Amino acid sequence: MKVFISSDMEGTAGVVDWDQCRPSGSDYDHYRELLLQEVNAAIEGAAAAGAREFLVNDSHSTMSNLRPDRLARRARYLSGRHKPLYMMQGLDTSFDAVFFVSYHGSMSGAPAALSHTYNPRAIAEVRLNGIPAGESGINALVALGHRVPVVLITGDDVTAAQAESFCPGIRAAVVKHSVSRFAADSLHPEQAREVITQSAADAVRQLADAPLPAIALPATLTVRFRNADLAEMATFITGVVREDELTIRLRDDDPVRLYRTFVTIVLLTRGIAE
Ligand SMILES: [Zn+2]
């Protein structure tokens with residue numbers, strides 16, 4: 001049994017500030033260790049329930065936050081920049097389950113620690129088939145395309161609730177409760193890891209009943225930007241339709257292609273986001 005793990009960083013217990021999860025930050029080394037241990041907690045839980053192969057796709061910042069030699073169970077490590085499928089690079093039909101580890105909430109919606117949707121300087125809100133979506137919902141498009149269920153998310157309470165809209169029945173390992181975008185009440189890291197291990201094991205044990213992401217196709221992504229220049233730039237891409245001054249939409253019957261177009265928009269608008 002193979003598990004694909006997309007790991008971010010903002011959802012780690014104790015993390016509440018950009019400084020803690022940027023390589024230039026003064027406390028980064030401490031928090032990257034906590035992240036590594038949460039990723040390993042998910043791996044160990046899955047392994048206890050019978051999973052044997054693991055691929056960890058590092059999806060945060062420069063995408064090289066983990067220590068390859070310290071990953072549990074000889075997990076493979078996909079790291080580094082310019083990945084065409086970004087947070088979901090490496091997933092294919094050979095996998096049995098997807099985990100989202102240390103995820104965070106969407107830019108729109110209830111306050112969630114370090115909330116954003118791909119680019120906090122460019123994107124104000126994303127809707128998927130009309131429903132507000134965070135990275136978990138957007139990334140679930142790729143899981144749907146490869147017909148692999150998303151069965152675990154770890155992070156704060158708001159992030160967990162947002163995943164449920166697109167991944168019904170997903171197990172949530174809630175390691176902190178958000179107070180604001182820059183404050184959260186976290187479990188002790190040891191307890192957070194226990195919760196993650198237990199949730200991962202439960203998720204793998206009940207894999208047979210896990211549904212695929214509930215996203216009707218063709219799917220529509222609606223993206224509202226923080227200014228009109230960004231929306232204009234997104235329309236440089238074929239198939240992107242301007243909805244109003246700040247908003248564009250894109251529609252596709254292939255969920256992986258839809259995700260790739262979205263990633264292209266993210267990368268394109270990064271150049272002018274301030
Ligand atoms: Zn991140």
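Every value quoted in this text rests on a predicted model; they were computed, and no experiment measured them. Remember, it's 1-based here, ligands and their atoms both numbered in the order they're listed.
With 3.5 Å as the limit, one finds a donor-acceptor pair spanning the side chains of N65 and Y28. A donor-acceptor contact under 3.5 angstrom links the side chains of T12 and S102, judged on distance only.
E243 CD: more than 12 foreign heavy atoms inside a 6.0 Å radius. Annotation for R270: atom CZ counts as buried by contact number, over 12 foreign heavy atoms lying within 6.0 Å.
In this structure, the ring of Y86 has its center no less than 6.0 angstrom from the ring center of Y259.
Below the 2.8 Å limit, the Zn ion (ligand 1) has as protein N, O or S neighbours D8 OD1, E10 OE1, E10 OE2, H60 ND1.
Tested against L250 for a side chain to side chain contact (heavy atoms under 4.5 Å, CB included), the candidates T238, L221, T220 yield a single pass: L221.
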